[in-house]
Amino acid sequence: MNRIVGIDIDFIDGFNQAARSTYPDEFLCMTREIDGIISEMILLPGTVYGDSHSFLNQWMAPIDYNIAGSAHSHPGYSNQASDADLDWFRNMGGVHLITCQPYDRHSWKAYDSSGNVLDLEIIY
């Protein structure tokens with residue numbers, strides 16, 4: 001059973017701001033949950049942002065049992081997971097978020113490690 005029940009609205013706003021700041025490159029980070037709510041971005045040293053992909057060094061991640069998964073942006077208008085995204089989800093586990101243009105509170109989608117869309121509550 002998935003322990004993630006929602007996403008903090010401040011996380012969504014910060015995630016979208018990071019996506020706008022790295023545009024036209026993809027933004028990528030890991031996420032942390034607190035009490036079942038995704039609420040923090042974990043930025044790893046050595047992360048590479050590219051125009052069609054991003055890469056992070058998982059070995060740079062902290063030892064943290066509250067890591068929930070990942071969040072990344074697409075530079076276009078689709079938040080659909082690509083085949084590469086699905087491979088990443090399967091290898092990483094957890095909950096994965098993708099946001100896209102216009103990078104607002106309605107432009108993100110959550111996926112489980114199998115690539116299934118999740119319906120998570122936004123916590124205000």
Side-chain angles (χ1 to χ4, degrees):
M1 175 150 185
N2 192 343
R3 66 182 180 187
I4 305 301
V5 296
I7 301 175
D8 187 277
I9 192 65
D10 292 331
F11 173 89
I12 294 294
D13 291 344
F15 174 36
N16 281 310
Q17 180 58 45
R20 283 189 292 274
S21 294
T22 57
Y23 178 83
D25 291 338
E26 289 188 358
F27 172 76
L28 174 63
C29 69
M30 295 180 80
T31 61
R32 178 178 291 129
E33 61 88 14
I34 298 172
D35 297 326
I37 309 297
I38 295 174
S39 56
E40 296 180 13
M41 289 185 278
I42 302 171
L43 304 175
L44 301 183
T47 299
V48 175
Y49 304 118
D51 60 358
S52 63
H53 70 284
S54 291
F55 173 80
L56 59 76
N57 295 309
Q58 280 184 277
W59 56 271
M60 294 296 287
I63 297 172
D64 185 339
Y65 294 107
N66 291 327
I67 291 177
S70 69
H72 78 277
S73 65
H74 286 172
Y77 291 91
S78 173
N79 56 19
Q80 295 297 313
S82 68
D83 289 341
D85 293 335
L86 295 173
D87 286 341
W88 167 253
F89 299 168
R90 281 189 288 275
N91 290 323
M92 172 92 178
V95 172
H96 303 278
L97 308 171
I98 299 175
T99 193
C100 62
Q101 289 187 44
Y103 306 121
D104 63 22
R105 291 181 175 179
H106 306 286
S107 62
W108 62 277
K109 192 177 283 188
Y111 298 89
D112 68 13
S113 60
S114 298
N116 300 309
V117 175
L118 300 174
D119 184 24
L120 297 178
E121 180 182 359
I122 295 179
I123 309 299
Y124 290 89

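FYI, the numbering just counts along the sequence from 1. Everything quoted here is computed from the prediction, not taken from an experiment.
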Between CE of M30 and CE of M41, what distance do you get to the nearest 0.5 Å? 14.0 Å
Rounded to the nearest 0.5 Å, what's the gap from CD1 on I9 to OG on S39? Could you check? 13.0 Å
Tell me every residue that passes side-chain hydrogen bond (donor to acceptor under 3.5 Å, both in side chains) with W88, counting only those two or more places apart in sequence or in another chain. S70
If the condition is side-chain hydrogen bond (donor to acceptor under 3.5 Å, both in side chains), which residues does S78 pass it with, not counting sequence neighbours? none
Holding to ring-ring contact (aromatic ring centres under 6.0 Å, His included), I want the full list of residues that pass it with F89, two or more places apart in sequence or in another chain. H96, Y111
Table please: side-chain donor-acceptor pairs of residues 113-124 below 3.5 Å, with sequence neighbours left out.
residue	atom	partner	partner atom	Å
N116	ND2	D112	OD2	3.2

Qualifying ring-ring contact (aromatic ring centres under 6.0 Å, His included) pairs, either residue in residues 66-86, two or more places apart: H72-H74
Please check if the side chain of E26 supplies one atom and the backbone of P75 the other of a donor-acceptor pair under 3.5 Å. no
Could you pull out every donor-acceptor pair under 3.5 Å between side chains of residues 61-69 and any protein atom, sequence neighbours left out?
residue	atom	partner	partner atom	Å
D64	OD1	N66	N	2.7
D64	OD2	R32	NE	2.5
D64	OD2	R32	NH2	2.6

Should L44 and M92 be counted in the same cluster of Ile, Leu, Val, Met, Phe, Trp and Tyr side chains packed under 4.5 Å apart? yes
Determine whether I4 and I12 fall in the same hydrophobic cluster, where Ile, Leu, Val, Met, Phe, Trp and Tyr are linked whenever their side-chain heavy atoms lie under 4.5 Å apart. yes
Qualifying salt bridge (charged side-chain N to carboxylate O under 4.0 Å, His left out) pairs with a residue from residues 88-98, counting only residues at least two apart or across chains: D87-R90
Pairs in or reaching into residues 92-110: which pass salt bridge (charged side-chain N to carboxylate O under 4.0 Å, His left out), with residues at least two apart or in two chains? D13-R105
Going by chain and number, the hydrophobic cluster around I34 (ILVMFWY, side chain to side chain under 4.5 Å) further includes none
Nearest heavy-atom pair of A81 and I98: which atoms, and what distance? CA-CD1, 3.8 Å
A19: what forms a side-chain contact (heavy atoms from CB on, under 4.5 Å) with it, not counting sequence neighbours? S73, T99, Y103
Quick one: are F27 and L43 in side-chain contact, heavy atoms under 4.5 Å? yes
Partner set under salt bridge (Lys or Arg N to Asp or Glu O under 4.0 Å) for R20, not counting sequence neighbours: none
Trace of the side chain to side chain contact (heavy atoms under 4.5 Å, CB included) decision for F11 with T31: CA-CA 9 Å; F11 173 89; T31 61; 3.6 Å; yes
